[in-house]
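Beneath this line is the structure, given in structure tokens, with notes to follow.
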Amino acid sequence: MRPDDILNAMTDISDRHIEQARPKRRRARYLAAALAAVLVIAVALPSVLPRMGGGASSESGIADLEESAPESSIQFMSYAGPIMPLTSTAEGLSAGRTVTLDFSPWEPVWHSIDDMMAELPEPDAEARAQYEEWFPDGGYWIESTDVIVRDSYVLSGAEGETALVYPFISSFTELAKNMPSLTLDGRPLYGALYAGDLAGYYAGDTGGGFDYGSGIDSWDSLSAVLASGGYMAAALENDMSFAEMPVTVYRVEDISAPPESEEAQNPTLELSFTVDADSTTVWSWGFNGGSWDFETGEMSRNFSTSHDRDGGHCLIVIGGDISEPDVTGYRTGDCSEGNELAGVTASVTREETTMGEILREAFDSYMENYFGVEYGGADGFDRELLYSVSLRTLALYYETGAEIYEDVGSLFGAIAAYDRVFYLVCDVDLSAGGVFTAELVKEASFDYQCAHTENQGLSGYELAADLGSNINMLSLTARLENFENCTISGGNFGFDPENGVFETELDPSVDLYHLEVRRK
């Protein structure tokens with residue numbers, strides 16, 4: 001059974017609902033297991049996890065084109081980001097742009113029990129009986145709020161071969177759905193794929209903060225990150241030099257512990273050691289808890305031997321070395337004095353390697369455990385690209401001095417699940433001009449169904465006119481298609497379907513156009 005089937009049965013909802021500084025001087029005890037579990041769910045069920053954004057405001061009426069779009073658009077709780085404009089690594093290109101928003105996915109589709117059975121690898125009578133109990137009407141309606149976008153450019157002004165760069169917003173886990181198809185004069189184009197950093201991770205020349213877990217959450221944050229061009233340049237450069245950084249690795253192996261019992265409810269192994277915070281950074285892989293006293297330099301990392309014995313368990317030490325780790329066992333995850341448990345033993349070995357070697361090992365282990373060895377390719381995402389982005393993200397952590405309390409393995413889940421800007425780069429000959437078209441699926445921004453705001457049931461779509469583009473946009477035309485199931489609640493496109501206005505000429509100098517739509 002698919003996760004979407006279960007969610008629809010339980011909630012009767014549609015698909016779309018389906019310190020930069022070091023810590024203060026205080027003793028800290030923390031457990032990261034809960035966070036790690038959330039991140040695993042984030043990767044396992046990306047279609048039901050929202051994109052976090054700002055709070056909701058009231059609906060706006062249809063705005064005049066002169067009205068400031070960012071001020072009049074709704075700050076949706078789940079922000080999907082705008083349709084992005086084509087750009088190029090060369091200068092001097094001009095284009096007339098036409099964007100078509102096709103709302104045909106809004107047509108409800110009946111998903112019958114027979115359809116569900118056909119999707120099962122081994123359908124049987126028991127599965128059908130379960131579906132018939134969950135869906136007494138024989139199935140359920142799927143009501144998507146996606147739109148199909150056709151973003152077309154009549155290009156001129158190029159001499160010889162030119163690199164066209166088409167940006168789009170997605171997470172790694174939803175690339176199969178969100179990847180645009182590109183054509184030039186009707187012929188397919190196949191571009192190289194590059195991935196930008198998470199907006200909150202990007203510490204380029206914008207000077208904007210370094211916020212763990214931050215994807216694209218608003219127009220303001222996205223436009224601030226992309227305005228200078230540094231974000232795209234970093235994505236296309238894909239600097240992997242962090243892989244060469246030397247590190248010291250302490251491996252925990254040959255683990256032995258008593259079985260779970262009333263005395264040993266959750267046998268836990270802890271490594272304790274001292275560290276000089278001014279010269280040393282310690283990351284961990286395969287641990288789910290720990291503590292750090294910044295004043296004394298005492299640090300610890302721990303994991304459950306019952307649940308986490310078979311995976312890799314390493315301390316990754318950057319800079320100065322740590323003291324030889326001590327191994328202590330505890331009855332539960334509470335690694336406090338008086339809760340010790342005898343019989344928890346392990347060998348700890350020290351080795352010198354590079355950051356790339358140890359992170360590659362951790363990454364491959366994570367991918368095998370949560371996605372399977374063969375996951376990737378056309379039906380998934382590019383594993384090597386995700387690895388390179390993970391390495392760059394951790395490099396930003398290190399360069400900015402931000403601490404990583406979580407297990408580095410758990411960070412791969414967040415890096416894969418959050419939205420970012422991707423770039424498809426194609427080398428083309430535009431000496432005689434050409435018509436470039438990108439076709440893609442665009443998700444809506446929305447407020448959560450449980451939020452009880454006046455924006456419930458409202459879907460938002462945005463179009464960026466020139467964000468991050470060096471192409472001179474001579475004209476900008478917008479069109480609506482298959483809008484029969486929809487009604488406009490707000491925006492500044494100037495559409496008026498009730499009076500037959502499904503096409504408008506827009507001002508390319510306006511930064512952002514927005515459209516708010518409800519289902520009829």
Contacts of type side chain to side chain contact (heavy atoms under 4.5 Å, CB included), residue [X], not counting sequence neighbours:
X      : result
Leu236 : Thr89, Tyr194, Met232, Tyr423, Val425
Ser475 : none
Ala465 : Leu476
Ala464 : Pro82, Pro85, Trp219, Leu467

With [X] via salt bridge (Lys or Arg N to Asp or Glu O under 4.0 Å) - residues at least two apart:
X      : result
Asp364 : Arg360, Arg383
Arg150 : Asp102, Glu481
Asp146 : Lys177

Between [X] and [Y], is any pair of side-chain heavy atoms under 4.5 Å apart?
X      : Y      : answer
Thr453 : Leu458 : no
Val389 : Phe172 : yes
Glu462 : Tyr79  : yes
Tyr166 : Leu440 : yes
Trp285 : Leu411 : no
Val99  : Leu506 : no
Met473 : Tyr153 : yes
Ile488 : Leu515 : yes

Could you give all pairs that pass the salt bridge (charged side-chain N to carboxylate O under 4.0 Å, His left out) test and reach [range], with sequence neighbours left out?
range            : answer
residues 107-117 : Asp114-Arg128
residues 81-91   : none
residues 181-192 : none

At their closest point, which heavy atom of [X] faces which heavy atom of [Y], and how far apart are they?
X      : Y      : answer
Gly468 : Thr87  : O-OG1, 3.5 Å
Met117 : Pro123 : CE-CB, 3.5 Å
Arg392 : Asp197 : NH2-OD1, 3.1 Å
Val517 : Cys486 : CG1-CB, 3.5 Å
Ser88  : Ala90  : OG-N, 3.0 Å
Asp407 : Gly409 : OD1-N, 2.7 Å

Point to revise | Positive for side-chain contact (heavy atoms from CB on, under 4.5 Å) with Leu189, one of Cys426, Ser181, Pro180 | key: Cys426
**Study point:** Working for side chain to side chain contact (heavy atoms under 4.5 Å, CB included), residues Val149 and Val441
**Key:** CA-CA 6 Å; Val149 175; Val441 173; over 6 Å; no
Review point. Checking side chain to side chain contact (heavy atoms under 4.5 Å, CB included) for the pair Ile169/Leu222: CA distance, chi angles, key distance, verdict?
Key: CA-CA 11 Å; Ile169 294 172; Leu222 179 65; 4.1 Å; yes
How long is the span from the [atom1] atom in [X] to the [atom2] atom in [Y], to the nearest 0.5 Å?
X      : Y      : atom1 : atom2 : answer
Leu86  : Asn470 : CG    : CG    : 9.0 Å
Asp239 : Leu391 : CG    : CG    : 9.0 Å
Ile471 : Leu164 : CD1   : CG    : 6.5 Å
Tyr461 : Ile83  : OH    : CD1   : 10.0 Å
Leu101 : Leu463 : CG    : CG    : 7.5 Å
Glu439 : Leu182 : CD    : CG    : 10.5 Å

Check your understanding: Would you find a donor on one side and an acceptor on the other, under 3.5 Å apart, between the side chain of Arg518 and the backbone of Asn455?
Key -> no
Review point. Where the side chain of Ser152 meets the backbone of Thr437, is there a donor-acceptor pair that is under 3.5 Å apart?
Key: no
Point to revise | Identified salt bridge (Lys or Arg N to Asp or Glu O under 4.0 Å) partner of Asp151 from the options Lys442, Arg479, Arg97 | key: Arg97
Review point. Which of parallel (below 30°), tilted (30 to 60°) and perpendicular (above 60°) describes Phe363 and Phe412?
Key: perpendicular
Review point. Should the ring pair Tyr131 and Phe135 be called parallel, tilted or perpendicular, given that the plane angle runs from 0 to 90° and is split at 30 and 60?
Key: tilted
Review point. Taking only residues two or more places apart in sequence, or in another chain, which ones meet Phe168 in a ring pair (Phe, Tyr, Trp, His ring centres under 6.0 Å)?
Key: Phe422
Practice item. Check ring pair (Phe, Tyr, Trp, His ring centres under 6.0 Å) between Phe483 and all other residues, then give those that pass, not counting sequence neighbours. Key: Phe103
Exercise for review: Give the intermediate values and the outcome of side chain to side chain contact (heavy atoms under 4.5 Å, CB included) for residues Asp447 and Met77.
Suggested key: CA-CA 5 Å; Asp447 279 6; Met77 293 177 178; 3.5 Å; yes
Check your understanding: Taking it one step at a time, do Phe436 and Leu430 satisfy side chain to side chain contact (heavy atoms under 4.5 Å, CB included)?
Key -> CA-CA 10 Å; Phe436 171 93; Leu430 293 176; over 6 Å; no
